[in-house]
Amino acid sequence: MKGEPYDPQQIENRWRDFWRDRGHFRADTGRAERKFYYLNMFPYPSGYLHVGHGRNYIIGDAIVRFLRMRRHNVLNPMGWDAFGLPAENAAIERGIHPRDWTLQNIAYAKDQFRAWGIAYDWDREVTTCLPDYYRWTQWLFLKLFENDLAYKKRADVNYCPSCQTVLANEQVVGGECERCGTAPERKTLDQWFFRITAYADRLLADLAQLDWPEHVKKMQENWIGRSEGATITFPTEIGGAISVFTTRPDTLWGATFLVLAPEHPLVDALTVPERRAEVEAYRRQSGRATEIERLSAERDKTGVFTGSRALNPVTGEPIPVWIADYVLPTYGTGAIMCVPAHDERDFAFARKYGLPIRVVIAPSDGPVPDPRTMTGAYIEPGTMISSGLLSGTPAADALARATAYLEEQRLGERAVTYRLRDWLISRQRYWGAPIPIVYCDRCGTVPIPERDLPVLLPDVPFIGKMGLADISGYADTSCPRCGGKAKRDTDTMDTFVDSSWYFLRFVSPREEEAPFVSDDVNRWLPVDLYVGGVEHAILHLLYSRFITKALYDSGYVSFTEPFKRLFTQGMVCHTAYKCPQHGWLYPKEVNDQRCTKCEQVIATSYFSMSKSKKNVVEPADIIARYGADTERLYTLFMGPPDRDIEWSEDGIRGAWRFLNRAWSVVVGEISRLTGSTVDLDPATLDPDGRALWHKLHATVKKVTEELGDRLGLNTAIAAIMELVNDLSSYVERLEADPQLVRRVVRDLVLLLSPFTPFFSEELWHRLGERQPVLETPWPEYDPEAVRGDEVEIPVQINGKVRARVRMATAAAADRDVLQATALAWPEVQERLRGQEVQRVVVVPGRLVSIVVR
RNA sequence: GCCGAGGUGGCGAAACUGGCAUACGCAGGGGACUUAAAAUCCCCAGAGCGCGAGCUCGUGCGGGUUCAAAUCCCGCCCUCGGCACCA
């Protein structure tokens, strides 16, 4: 059928601003009936967005359009995570101000959203680097400070020499700076921390109530790292005592030495004069190593003896006290008791330095290991031996008994320790929210009063790597308390602070008296569905949860978790080429598997799209060739949204072909349909018409369920493709019913609209509809029609399908009728001849299974 | 090492609660249209055996439960992600 060809450029230009002009995505936060707060993780504006970034927003846009048509009051805002180091580094490279670079990127990204047809409520846009936002980030700091959740401490920190700033523990990945890959150094600085550890238990416990992917919850659980055990006190020979944390108080009778972190406060006192030089040397040496180096498991354990002894509290035996840098000052008490017989690490250390080993758990079968000949720690279960009153206890019960005994004897107590550390938020860089604190000689550390916020970033020419400390005059101020001379804190806050509360601001983004309006926020939060990348599974999500709980405790919000449901979409991967000599290559630099510069054979692999690997696909190119609808459709169709997918040029052509097919079938029918407005009576349709009628309803049901709940957008699209295939075949027929065709075409256009909004709006308009798609209700399905007239029921004989029985749907739903029909079916009769039927299993509406002989 | 997710045609994948394995799409083969090509349309397509009706095998591997297993259970292998000297 010839007709006007599908021309996406023209169509998309026509509708691009339509949804915004009609205010389709302007939420009414003044009321909350049928409210739905949909949120995409907001982007960091770093140049342009590629098709991989697009996936996140396209998924969201499809869901949100669907919800709008289902008459939800949808809040769908967007903003910019606009502070941070990359902007600063990029600005340095280009010799411009990070603010200009950032605002420029924001403008560009907004154009990209517009080209994609992604319709946000732009009236609610927030930009974290603007004073009307960061003013409230500073407010948040003050609230945490008031509640003793922000504190300053002198600490050994990870300092990235390349970024010239400190990194949070979380920002050191695999021993390297998360941003630039440089190995951090250790530095001792006065830094601000947020006391997230105070919430460790609640952050862990409340995971249970979240509808989040299981693996993300597990990652948070690991990160928090709760360990139950006991702290035990070991008196020392010189007086005083050393407290250790252990998860194995039951093995206390086997503790033959103690090890302290080199930084432990008691090391000085414990070191005997003859050992002083050696201990000092060791402390200096380990002080140079970063925490990451110290923790590398491959590294041989080293340590030195302090010369002092402590007393094992249960055996009374004097045991040596060592220091070693595999013991971390920041975990537990910074000191451990060592039970070499039953712990691999302690065993290795004891063997290396010839320390005594004492076995306290005997295998239930086989001989007790001999400390002199053991080659590894015995870590299997068994029975306690040489353990005083615990001897003879099965190891499984020993833990509880040991803990009870220690508490009774006041030698120690039950304790819980976390892997989670407090959140270091000070950064020595310019492009962030200034910390609203001054230091006064007379009054000490003084918070800036709320009414004086924001503490503005000084507006100075940007001259490369610098912090606020480098800007003359910034630090000099007067004390808000006494009016005397004072110095400002010259650090800015970690950007994760900015993003740990932005979801609150979206509800009342222009509020000038407060960061958010509690009543409105309490009505609209938690976010109903939060969609973003797994890369934020720990940091951003954990910090946001912590801030929400802190605000809850001080009465600003009435909910304890910010994101009810989380969905993490997979990454988009693409072929990347690497030349052994020239590194990553653009596809155009590759010819016949060889580098065009040096003719060497290149290596081909798949990676998530990134500028550094030169394997990004630009939406502008795709949109110019195929249109945004094709990109959207392909992005959603190529795989389940939560899985990584591989971008392929062939795949996108498939999506393009489908839209062309759908276009021509709809456009081709329009002339036939004019005037066919009478409601159709499905009862009058012929069998082919009935079949299409059934397919339509089944498709509506499928697409509705996938979009509304399972988020299986790929299978929703597959179902629509099937409908188009069936519709094309049907309209080929001379006696096609125009009423039915009209109905199918209408619903088809609506079903497609969340995925291909331009395409649908255009066809909808051409079908003569006056009301825009988004103001039209989502198609309904009739369960009766979904069932269909006839079904084919497979009949199994001894587990193998041997026949298919066609019968009325209602008859197949009746167990007895189905069984009788199946047994009487000729092919079945044939098969059963001469066989004895032992059993017949009937699943109404589904299957019949016959067991013979 | 610990924790988690996954492994299905040539490829991306589907099968939702144990019930017809491979829907939908890509690539491929054959045909139609065309002077030709592109585009489009129609047909074929898990593997093996058989002239054929058909039969056998088949969801990483090996067992098991069941009338029936991609799906449940036991034991392995591989890939990816997180954590990892956290006491």
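Here is how names work: the chains are called A, B, and so on, in the same order as the sequence lines, proteins then strands, and each is numbered from 1.
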Original post:
Angle class for the A:W647/A:Y634 ring planes (parallel below 30°, perpendicular above 60°, tilted otherwise)?
Top reply: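 Perpendicular, since the angle between the ring planes exceeds 60°.
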
**OP:** Give the ring-plane orientation class for A:W663 versus A:Y6, where under 30° counts as parallel, over 60° as perpendicular and anything between as tilted.
**Re:** tilted

I'd like the [atom1] distance from [M] over to [N], given in whole Å.
{"N": "B:C11", "M": "B:C61", "atom1": "P", "value": "15 Å"}
{"N": "B:G46", "M": "B:U59", "atom1": "P", "value": "16 Å"}
{"N": "B:C42", "M": "B:C78", "atom1": "P", "value": "47 Å"}
{"N": "B:G7", "M": "B:U22", "atom1": "C1'", "value": "16 Å"}
{"N": "B:G64", "M": "B:A53", "atom1": "C1'", "value": "37 Å"}
{"N": "B:G58", "M": "B:C76", "atom1": "P", "value": "24 Å"}
{"N": "B:G4", "M": "B:A84", "atom1": "C1'", "value": "15 Å"}

Quick one: which protein N/O atoms are closer than 3.5 Å to N/O atoms of nucleotides 70-73 of chain B? Pair and distance per line, please.
none

Under a 4.0 Å N-O cut-off, is there an ion pair linking [X] with [Y]?
{"X": "A:R248", "Y": "A:D343", "result": "no"}
{"X": "A:E706", "Y": "A:K702", "result": "yes"}
{"X": "A:R710", "Y": "A:E705", "result": "no"}
{"X": "A:E649", "Y": "A:R653", "result": "no"}

Between [options], spot the one nearest the side chain of [X], thanks.
{"X": "A:R657", "options": "B:C83, B:C26, B:G4", "result": "B:C26"}
{"X": "A:H215", "options": "B:G4, B:C26, B:A21", "result": "B:G4"}
{"X": "A:Y326", "options": "B:G25, B:G4, B:C85", "result": "B:C85"}
{"X": "A:I336", "options": "B:A21, B:A87, B:A84", "result": "B:A87"}

Evaluate the side-chain proximity of [Y] to [X]: yes if any heavy-atom separation is below 4.5 Å, no if none is.
{"X": "A:F755", "Y": "A:I720", "answer": "yes"}
{"X": "A:R414", "Y": "A:T231", "answer": "no"}
{"X": "A:Q9", "Y": "A:D7", "answer": "yes"}
{"X": "A:F349", "Y": "A:F257", "answer": "yes"}
{"X": "A:F496", "Y": "A:H540", "answer": "yes"}

Original post:
Would you say the base of B:C3 and the side-chain of A:K218 have a donor-acceptor pair closer than 3.5 Å?
Top reply: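 Side chain to base: no pair present.
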
Under 3.5 Å, which protein N or O atoms sit close to an N or O of nucleotides 74-79 of chain B? Give each pair with its distance.
none

**OP:** Report the glycosidic orientation of B:G31: syn if within 90° of 0, anti in every other case.
**Re:**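 For B:G31, whose glycosidic angle is more than 90° from 0, the conformation is anti.
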
**OP:** Describe the nucleic acid contact of A:N222 in one word from base, sugar-phosphate, nothing, applying a heavy-atom distance below 4.0 Å.
**Re:**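 Base: the residue A:N222, judged by heavy atoms under 4.0 Å, touches a nucleobase.
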
**OP:** Rounded off to whole Å, could you give me the CG-to-C1' distance for the A:L207 and B:G4 pair?
**Re:**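 The answer, rounded to whole Å, is 14 Å.
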
Original post:
What's the CZ-P distance between A:F349 and B:A87, to the nearest Å?
Top reply: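 The answer, rounded to whole Å, is 18 Å.
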
Subject >> Option among A:L636, A:T635, A:I58 that satisfies the side-chain contact (heavy atoms from CB on, under 4.5 Å) test with A:L713 >> reply: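 The option that passes is A:L636.
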
Original post:
Dot-bracket for RNA chain B, 5' to 3', with Watson-Crick and G-U pairs under 3.5 Å, [ ] for crossing pairs and | for other-strand pairs: what is it?
Top reply: (((((((..(((......[....))).(((((.......))))).((((....))))..(((((..]....))))))))))))....

**OP:** For the pair A:Q829 (side chain) and A:L823 (backbone), establish whether a donor and an acceptor sit closer than 3.5 Å, ignoring hydrogens and angles.
**Re:**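 Between the backbone of A:L823 and the side chain of A:Q829 there is a qualifying donor-acceptor contact (under 3.5 Å).
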
Subject >> Sequence-distant partners of A:F637, ring pair (Phe, Tyr, Trp, His ring centres under 6.0 Å), two or more places apart >> reply: none

Subject >> Distance flag, aromatic centroids of A:W423 and A:Y543, threshold under 6.0 Å >> reply: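 Between A:Y543 and A:W423, the centre distance is under 6.0 Å.
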
Original post:
Aromatic ring centroids of A:W212 and A:F567 under 6.0 Å?
Top reply: no

If you restrict it to nitrogen or oxygen atoms, what contacts under 3.5 Å exist between nucleotides 52-60 of chain B and the protein, and what is each distance?
from, atom 1, to, atom 2, distance (Å)
B:C55, OP1, A:R802, NH1, 2.8
B:C55, OP1, A:R831, NH2, 2.5

Subject >> Face-on cation placement of A:R419 at A:W223 ring, 6.0 Å and 45° thresholds >> reply: yes

Distances for protein N/O vs nucleotides 10-19 of chain B N/O pairs under 3.5 angstrom?
from, atom 1, to, atom 2, distance (Å)
B:G12, O2', A:M638, O, 2.6
B:A14, OP1, A:N714, ND2, 3.0
B:A15, OP1, A:R710, NH2, 3.0
B:C16, O4', A:R710, NH1, 3.2
B:C16, N4, A:K702, NZ, 3.0
B:G19, O2', A:R846, NE, 3.2
B:G19, N2, A:Q796, OE1, 3.4

Original post:
Within the structure, does a side-chain N or O atom of A:N725 lie under 4.0 Å from either OP1 or OP2 of B:G25?
Top reply: yes

